[in-house]
Colleague: 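First the structure, then my questions, so here it is.
Index from 1, following the sequence. Ligands are counted one by one from 1 in listed order, and the atoms in each one are counted from 1 as well.
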Amino acid sequence: MVKVMVDDKIIDRLEAAIDIEDRGYQFGDGVYEVIRIYDGVLFTGDEHLERFYSSAEKIQITVPFQKEELLGLILRLIQENRVKDGSLYMQLTRGASPRNHIFPGKDTKPVLTAYTKEVARPVESLENGVAALIADDIRWLRCDIKSLNLLPNLLAKQAATEQGCYEAILHRDGLVTEGSASNAYIVTDGKIKTHPATNLILNGITRQVVARLCEKNNIPFKQEAFTLDELQNADEIFVTSTTSEVMPVVKLAGKEVGDGKPGELTRKLQTLFVQEFESVKKAHTL
Ligand code: PDD
């Protein structure tokens, strides 16, 4: 039986029960993380935990465990489920309390849940690239918080899927912010640009890895907002996320990007990214 985590208990999935008045369920009042597991090894776990605590703090929820303790718990869950290539989903809500927009009192305990699943790397899409469309960014102004409230993201992703696209690239008044579930980048004349880590985007952990890899390898990387016009005339486009890694976008709004194949710099970053998680795996097994 597959195991899940509820608070600090690791139990059978069918034993898990959430109160019908859990505020995550009723209001989306909580935060979450998705962490990649490669060959049983957690990738960028510290960075994800850091963001989890920071998201929780921004909405005034206290994570009921110290970081080390929480890390220990999720490592145990991964081990008990014998996850090979997969992901860990973890969320924290403000807890269960009679429905009221006002925060409940201190006696209401936040509810932490987590589960794992097997997820294959999207190798075919990584190799050939994907299509994207352009959509209005209709989200709120605190996209830096990894909150459970994802309706605008879902609407954008659904519209993309219905039009045969993998992702929707969002913009506010002509300035590109990010994807519906990813960060977005352009390459123009050998230089990478992505929106700065402000309140208008989620500062992706994969984005942080890409920034680091660029710095290490002398690849020009600028955190600067770019226009729809720049997007539509870019030599290369890619999006990044925990599960999408460095994903080439080869078609935008029905038109080919460059020659319609993943670009050179995107390929280079893909190679560097694979080297990065391979070295983490190796370091873990030494
Ligand atoms: N989504 N921006 C948004 C809006 C996202 O939802 C995500 C990730 C990212 C990329 O962040 P990271 O590199 O840390 O995964 C950017 C996750 C994977 C999800 O909701 O499933």
Colleague: Considering only protein heavy atoms, which is closest to atom 2 (N) of ligand 1, and at what distance to one decimal place?
Modeller: E178 OE1, 2.7 Å
Colleague: Heavy-atom contacts with R139 under 4.0 Å: which atoms of ligand 1 show up? List them by number with element.
Modeller: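 It comes down to these atoms of ligand 1: 4 (C).
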Colleague: Could you tell me if any non-hydrogen atom of E33 lies under 4.0 Å from any atom of ligand 1?
Modeller: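 Contact check E33 vs ligand 1: negative.
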Colleague: For ligand 1, is there an atom lying under 4.0 Å from some heavy atom of S180?
Modeller: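 S180 counts as a contact of ligand 1 under the 4.0 Å cut-off.
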Colleague: May I ask you to list the atoms of ligand 1 that are less than 4.0 angstrom from any heavy atom of N153?
Modeller: 4 (C)
Colleague: If you count the atoms of ligand 1 from 1 in the order shown, which ones are under 4.0 Å from a heavy atom of T206?
Modeller: 12 (P), 13 (O)
Colleague: I'd like to know if D137 pairs up with R139 as an ion pair, taking the criterion as any Lys NZ or Arg NE/NH1/NH2 lying under 4.0 Å from an Asp or Glu carboxylate oxygen.
Modeller: yes
Colleague: Among the heavy atoms of Y89, does any lie under 4.0 Å from an atom of ligand 1?
Modeller: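 Not so, Y89 does not reach ligand 1.
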Colleague: Considering the heavy atoms of V34, write down every atom of ligand 1 situated less than 4.0 Å from one of them.
Modeller: 19 (C), 21 (O)
Colleague: Hey, which atoms in ligand 1 end up nearer than 4.0 Å to a heavy atom of G204?
Modeller: 11 (O), 12 (P), 13 (O), 14 (O)
Colleague: Return the residue, atom name and 0.1 Å-rounded distance of the protein heavy atom closest to atom 20 (O) of ligand 1.
Modeller: Y32 OH, 2.7 Å
Colleague: Counting heavy atoms only, which of A181, G179, S87, P152 comes nearest to atom 6 (O) of ligand 1?
Modeller: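 Heavy atom nearest to atom 6 (O) of ligand 1 belongs to A181.
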Colleague: With respect to atom 10 (C) of ligand 1, which of I35, I201, V239, N183 exhibits the smallest heavy-atom separation?
Modeller: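 Closest candidate by heavy-atom distance is N183.
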Colleague: Could E21 and R99 be called an ion pair, given the rule that one side-chain N must be under 4.0 Å from one carboxylate O?
Modeller: no
Colleague: Would you call K58 and D144 a salt bridge, using N to O less than 4.0 angstrom?
Modeller: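 Looking at K58 and D144, the cut-off is met.
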Colleague: For the residue pair Y38 and F43, categorise the inter-ring angle as parallel (less than 30°), tilted (30 to 60°) or perpendicular (more than 60°).
Modeller: perpendicular
Colleague: Hydrogens and angles aside, do Q270 and R267 bring a side-chain donor and acceptor to less than 3.5 Å of each other?
Modeller: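 Yes, a side-chain donor-acceptor pair sits under 3.5 Å.
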Colleague: At under 4.0 Å between heavy atoms, which part of S182 makes contact with ligand 1: side chain, backbone, both or neither?
Modeller: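 The answer is the backbone of S182.
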Colleague: Considering only NZ, NE, NH1 and NH2 on the basic side and carboxylate oxygens on the acidic side, decide whether E47 and R212 come within less than 4.0 Å.
Modeller: yes
Colleague: Give the residue and atom name of whichever protein heavy atom lies nearest to atom 15 (O) of ligand 1, and the separation in Å to one decimal.
Modeller: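 For this ligand atom, the closest protein heavy atom is T242 OG1, 2.5 Å.
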Colleague: Would you tell me whether R207 and Q223 have side-chain atoms, one donor and one acceptor, within less than 3.5 Å of each other?
Modeller: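 Indeed, the side chains of R207 and Q223 share at least one donor-acceptor pair under 3.5 Å.
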Colleague: If we only consider heavy atoms of Q208, is any one of them less than 4.0 Å away from an atom in ligand 1?
Modeller: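 Contact check Q208 vs ligand 1: negative.
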Colleague: Do R36's NZ or CZ and the ring of F277 fall within the cation-pi criteria of under 6.0 Å and 45°?
Modeller: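 Checked: cation-pi criterion not met.
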Colleague: Would you confirm whether the ring centroid of F226 sits within less than 6.0 angstrom of the ring centroid of H195?
Modeller: no
Colleague: Considering non-hydrogen atoms of the protein only, which is the closest contact for atom 1 (N) of ligand 1, and what is the distance?
Modeller: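 Of every protein heavy atom, K146 NZ, 3.3 Å lies nearest to atom 1 (N) of ligand 1.
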Colleague: Using a 4.0 Å heavy-atom cut-off, which part of L150 comes near ligand 1: side chain, backbone, both, or neither?
Modeller: neither
